[in-house]
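Below is one structure, written out as C-alpha cells; the observations come after it.
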Amino acid sequence: MMELVLAVTAVALALAAAGAIIRIARGPSLLDRVLAADVLLAILGAALCIDMAVNRHLNNLMLVAAVSVIGFIGSVTVARFVADRREQPSES
Amino acid sequence: MSPEQNAVDTVIDAVSAVFMVVGALMSLAAAIGLLRFPDLMSRMHAATKPQVLGLFLLLAAVGLQLRTWWVWPVLLVAWIFQLLTVPVSAHMVGRAGYRTKHLHRELLSTDELEAVVVKAAKAARESESDGGNRTAG
C-alpha cells in the first residue's frame, strides 16, 4: 500500500511544483513570485515529510524546519523591500 | 505478532496513508489556485492551504508511522512554529500588495484599510509641507 501512496503523492506534488514554477515564471508582480516561491518551499517540505513517513525515519525534520524558516524570512524581507520602494512615488 | 496487533497496524497504516494523500492534494489545490485566481489577494488565500493543514496532515502521518510517543512533541513544535510564522508573512505580503496596488478593487466586498492609508498619506504630506520638521503628531 505504501508504494501506491508514494506514487500518488509524488504525482500530486510534482504537478503542484510545476504549477508553482509556472506562476513564478509568469507572475505579473514581484509579490506573486514571492508567494509562489513560498508555496514551492511548502511543497518541498511536504515531500520531505512524505519521505520520512514512508521510510520511517526522522532525518529530515531539521530540514523541514529550516525550509519553513527560509520561506518566512524570505517573504517578509521581500515584502518589506517592495513596500519601501514603491510607496514613495505613489504618495507624491 | 498477534492478530489483533496486526489489525491495529493495518488501521494505523491506512489512516496515515489517507493523511499523506490528502496532504499532497492540499499542495495540488494551492498550485491550481495560484494558476487560476485573478489577483494577489485571492492567490494568498490559496497559498496557505499546504502550509497549515497540509503540513499538519503530513506531520501527523510521520508520527503515526514511527509509532513512538516522543516524536509527537517535536512534530507539534514544528507545526506550531509554522502556525506562528505563516500569518506574519501573509500580513507583510498582503500589506505590501495593497500599498503597491496589486489588487482588483471590484473583487473586494469591504475595504477597511483604505481610510487608514489615505490618512497616513495625508499626514505624511502635511509633515513634508512643514519644511521637513519631523515632529511625531
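In what follows, chains are A, B, ... by sequence order, proteins preceding strands, each numbered from 1. It should be emphasised that the depicted structure is a prediction, and the values quoted were computed from it without experimental measurement. Computation of the quantities below employed the complete heavy-atom set of this structure, encompassing side-chain atoms and omitting hydrogens, waters and symmetry-equivalent molecules.
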Heavy-atom neighbours of B/Arg36 CZ exceed 12 at 6.0 Å: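 Incorrect, the count does not exceed 12.
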Atom CZ of A/Phe72 with >12 non-hydrogen neighbours under 6.0 angstrom: yes
State, to 0.1 Å, how close [X] and [Y] come at their nearest heavy-atom pair, and which atoms those are.
X: A/Ala12; Y: B/Leu25; value: CB-CD2, 4.4 Å
X: B/Ala96; Y: A/Leu31; value: C-CD1, 3.7 Å
X: A/Cys49; Y: B/Val62; value: O-CG2, 3.3 Å

Using 0.5 Å steps for rounding, measure from the [atom1] atom of [X] to the [atom2] atom of [Y].
X: B/Leu59; Y: A/Met52; atom1: CG; atom2: CE; result: 6.5 Å
X: A/Ile50; Y: B/Ser27; atom1: CD1; atom2: OG; result: 7.5 Å
X: A/Asp32; Y: B/Leu40; atom1: CG; atom2: CG; result: 5.0 Å
X: A/Met2; Y: B/Ser16; atom1: CE; atom2: OG; result: 4.0 Å

Between A/Val11, A/Ile43, A/Leu58, the one whose heavy-atom pairs under 4.5 Å with chain B are most numerous: A/Leu58
Heavy-atom pairs under 4.5 Å with chain B, option from A/Ala46, A/Ala42, A/Ser29 with the top count: A/Ser29
Where does [X] contact chain A at under 4.5 Å (heavy atoms): side chain, backbone, both or neither?
X: B/Leu34; value: both
X: B/Leu55; value: side chain
X: B/Thr85; value: both
X: B/Val117; value: neither

Pair B/Met20-A/Val54, side chain to side chain contact (heavy atoms under 4.5 Å, CB included): steps then yes or no: CA-CA 9 Å; B/Met20 276 189 271; A/Val54 170; 4.0 Å; yes
Can you tell me which of [options] forms the most heavy-atom pairs within a distance under 4.5 Å of chain A?
options: B/Met44, B/Lys49, B/His91; answer: B/Met44
options: B/Ala46, B/Ala24, B/Ala31; answer: B/Ala24
options: B/Ala17, B/Ala30, B/Gly63, B/Gly54; answer: B/Ala17

Derivation and outcome, side chain to side chain contact (heavy atoms under 4.5 Å, CB included), residues B/Gln65 and A/His57: CA-CA 9 Å; B/Gln65 283 290 322; A/His57 59 80; over 6 Å; no
Would you say [Y] ends up clustered with [X] if hydrophobic residues are merged whenever their side chains have heavy atoms under 4.5 Å apart, either directly or through other cluster members?
X: B/Leu28; Y: B/Val18; value: no
X: B/Trp72; Y: B/Trp79; value: yes
X: A/Leu48; Y: B/Leu66; value: yes
X: B/Val22; Y: A/Val8; value: no
X: B/Val71; Y: B/Trp69; value: yes

Examine whether an atom of [X] lies under 4.5 Å from a heavy atom of chain B, and if so say whether it belongs to the side chain, the backbone or both; otherwise answer neither.
X: A/Leu61; answer: side chain
X: A/Val76; answer: both
X: A/Val69; answer: both

Worked verdict on B/Met92 versus A/Val78 for side chain to side chain contact (heavy atoms under 4.5 Å, CB included): CA-CA 9 Å; B/Met92 293 299 291; A/Val78 176; over 6 Å; no
Salt bridge A/Asp38-B/Arg43, side-chain N to carboxylate O under 4.0 Å: no
